[in-house]
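Start at 1 and go down the list; that is how both ligands and their atoms are numbered.
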Amino acid sequence: MAAWVLAGRAFVRGRLQSVEIGISEDGMILSVGKVRSDAPRHDVGEGVILPSASDLHVHFREPGGPDGGESIATGTTQAAVGGVALVGEMPNTNPPVTDVETLMDKAGRVQGAAAVDVLLYASPTRPRALDRLASRAGAFKLYLSPTTGIDTPPDPGELGPLLARLADLGLPVSVHAEDPAMFVSTSDAEDPTAWDSARPPVAERAAIERLLRLAPPALRLHVAHVTQSESVDRLRAAGVSFEVTPHHLLLSEHSRSDAMTKVNPPLRSEKVRRALWERFLRGDVPCVASDHAPHSLTAKERRFPLAPSGMPGVETLLPLLLASVRSGALGLPVLVAAACDRPARWLGQPHGRIAPGHRAHLLVVDFRQRTRIDPAQLHAPCGWTAFEGWEAIFPREHYFHGQKIVADGEFVGRPSGIVVRPEFAPRPR
Ligand SMILES: [Zn+2]
């Protein structure tokens, strides 16, 4: 029996159609079509009902900082307001999530604090901790170059055996694919375009080649933040999942003259960016993710060589791309596939589609409600965005496990997010 009904034009089976969505007491979609019951009914009027997004790649910095005032509570609130119902939280917190005790400490921090669901990545840097980690983590994140908090990528000889071991464990594995052997030292360069030369596109391509050579077919592999069309070709040919970020799609190395958009992998030339955007528009990119990394304004205002890499983005991920749908540049089916459906599938989660048996994580979007991104209106403690002034469409309402958590752009729910793990059957051992 439906506890209530959400009615209106909804994105169902690849197109917008008028439906009634029957939602159960425990927040699942029971039916899509006509609902014959007296259950309370909410008609969205001029709005459009979309599945909530999943962001495969966020850094909420809890525990341990480093800076920016971010936490699981603040990060998931931004996610909720931006239309994201599930985040994949990366393991390079402090201490890094390399054993089950650290993982369970982080899981404990989610309960009662998170506004949306959280899937916790673990780092596979301690071979002896892997079995226990795999029984509790949601996915693994592997860095092929040093990063904040995890500065020991696997030795070249260790990578093949590690990937084989991870394939046996059955969890999804996301990889930061840049080969540090191809990095060029430009330690004192003040020019933002020097960052692209320091960590050149060829470093990404080399790391992807090595990964594809060594990864067993059974590995649930995904490559994080791909920046170039050549990588799209290679990963599509290999049938491997990957993501792109809004900043690599929309910004280039010339977008700013300061360190606000310093990020790893770097923003590329306008030509490379445009080619990536074209591939995204064509539907050649399976997933979009933010790589939300909310450094403080003070840290980002340092001289370019000293500023940390990364920028916030979980709250603006979907709204920026909804504005591209509104302008006619981007097809709604392409966006829903990349932001909602495929990320949820890769993480083994029953949502991201409006279909019976899926969680009622649903958005109401009014495409007439265009705004300009204003950092003062965002919910990020760091207080800045690289997309200031960009056009955006924020969801009018967000339903999470069937409950309204966002109304008119503000979080109105309780922190009822839970820790989720992949729901697909484990691989036979
Ligand atoms: Zn990241």
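Residue H57: an N/O/S atom is found under 2.8 Å from the Zn ion (ligand 1).
When all heavy atoms are compared, the tightest approach of I29 to V32 is CG2-CG2, 3.8 Å.
Rounded to the nearest 0.5 Å, atoms CD1 (I49) and CG (L362) are 7.0 Å apart.
Formation of a donor-acceptor pair under 3.5 Å by the T76 side chain with backbone atoms of A115 is found in this model. Looking only at distances, no side-chain donor or acceptor of R199 sits under 3.5 Å from a matching main-chain atom of F183.
In D291, the N, O or S atom that comes nearest to the Zn ion (ligand 1) is OD1. H59 contributes NE2 as its N, O or S atom closest to the Zn ion (ligand 1).
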